[in-house]
Amino acid sequence: MSQPLLGLGLKALEAWAQEHGQAAFRGRQLHDWLYAKGARQLAEVSVLPKGFREQLAAQPPEGAFDWMGRSRELHRSVARDGTTKLLLGTHDGLSIETVGIPAEGRLTVCVSSQVGCPMACRFCATGKGGLQRSLAVHEIVDQVLSVREVMEQRPSHVVFMGMGEPLLNIEAVLAAIDCLCTDLGMAQRQITVSTVGVPRTLPRLAELALERLGRAQFTLAVSLHAPDQRLREELIPTAHAYPIEDLLEDCRRYVAITGRRVSFEYILLGGLNDQPRHAAALAQLLRGFQSHVNLIPYNPIAEEEFQRPTPAAVDGFRRALQDRHVAVSVRASRGLDADAACGQLRRRLEGSLEPVLAR
Ligand code: SAH
């Protein structure tokens, strides 16, 4: 089986070179061109013997356009605040969203872990189209390289908050984190994995992270969005199969295994879950839990009737949590003029992309 090279570490690239009849140092050269130079195609790697490149071009890899495993940029939309949303095309004619978010000395890349998503959260644009497939390691790492290339800046942070549910693609997500840290020099602490919760997977994520990465220092963010099971199920249909108490119990096990505190995301939907009584119930639910709550004002999507919360409601919710000693922050809305809500760009462009996707 022939897989693209992006995502492989130094040792694996050296072994690959040798398997293809080349000296091991060819693997080190490929590593440099893949990660430091960001080459998009094998043809660009001028240090490799021409005959070798031609031989490889005759046997392309599976699951990618080229051995380097890079995507194609289909569309770019840049907001006034510099937030840059890319629509990237995969080898099999699908598309995913990636966002680069610049802020004082930081560049955060919001990456997708799947094409589409099966979780169908009611407020989420990605969920409206269902799942097409999970992404491979090279397709996740490519997103970070693509943002670096387009924004001409080294990403400092990566958040798995784009399309898809990372816990339904754990192996590739962990391998991508490993690659970002080992091959691109990022720190695990600058990486966040966000999940809406898949039954019985959080302890497994913790154990697999320790096994694969040696330590689990990335931040786990859990999309809670409601202080009780009834309201949560209304917003997140899949929560039906995952009682909120079980989810919190799995979070406690995650903390026990990794020693890391968990952060909870809470989308504020005007009039629905943003009232002081919801904040009080949330504080009660999280009592004694080493955690941090991140409030996300809802970004309106075309298909739904939800309202953005008023600034006063956001402020009141934050203060109600603070008064109850819950660590809380409010996520600033970035790039609203660039179809900021996850999955919106792709949905807006659907139908107009076929000519580009058809290569
Ligand atoms: N499936 C994962 C990661 C992708 S969503 C998860 O659910 O956590 C990343 C975050 O964006 C989640 O907290 C999600 O609830 C939030 N989100 C989705 N749609 C949104 C919208 N329209 N407005 C604001 N936040 C949204």
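Count residues from 1 along the sequence. Because only heavy atoms are used, hydrogens play no part in the values below, and waters and symmetry mates are left out as well, while side chains stay in. In each ligand, atom 1 is the first atom listed, and ligand 1 is the first ligand listed.
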Just distances here: any N/O of [X] and N/O of ligand 1 closer than 3.5 Å?
X	answer
R331	no
H225	yes
I296	no
G164	yes

Region of [X] engaging ligand 1 - heavy atom pairs below 4.0 Å:
X	result
N299	both
E265	side chain
V222	neither
S223	side chain

Item to complete: Look at the rings of W16 and F52 and say which category their plane angle falls in: under 30° parallel, 30 to 60° tilted, over 60° perpendicular.
Response: tilted
Worksheet item: Does the distance from a Lys or Arg side-chain N to an Asp or Glu carboxylate O, for D32 and R28, drop under 4.0 Å?
Response: no
Worksheet item: So, are E14 and K11 salt-bridged, with charged N and O less than 4.0 Å apart?
Response: no
Numbered atoms and elements of ligand 1 in range of [X], under 4.0 angstrom, heavy atoms:
X	result
I301	22 (N)
G162	4 (C)
S194	2 (C), 3 (C), 6 (C), 8 (O)

Worksheet item: Is ligand 1 less than 4.0 angstrom away from at least one heavy atom of M119?
Response: no
Worksheet item: Does some non-hydrogen atom of C117 fall short of 4.0 Å from ligand 1?
Response: no
Say whether [X] and [Y], considering side chains only, have a donor N or O and an acceptor N or O under 3.5 Å apart.
X	Y	answer
E165	S113	no
E265	S194	yes
D250	Y242	yes

Item to complete: Search all heavy atoms of Y35 against all heavy atoms of L184 and return the closest pair with its distance.
Response: O-CD2, 3.8 Å
Fill in: Option with minimal heavy-atom separation from atom 25 (N) of ligand 1, where the choices are T192, I267, L168
I267
Fill in: Pair F123 + H225: ring centers closer than 6.0 Å
yes
Discussion item. Aromatic contact between F289 and F264, with the criterion being ring centroids under 6.0 Å apart: yes or no?
Written reply: yes
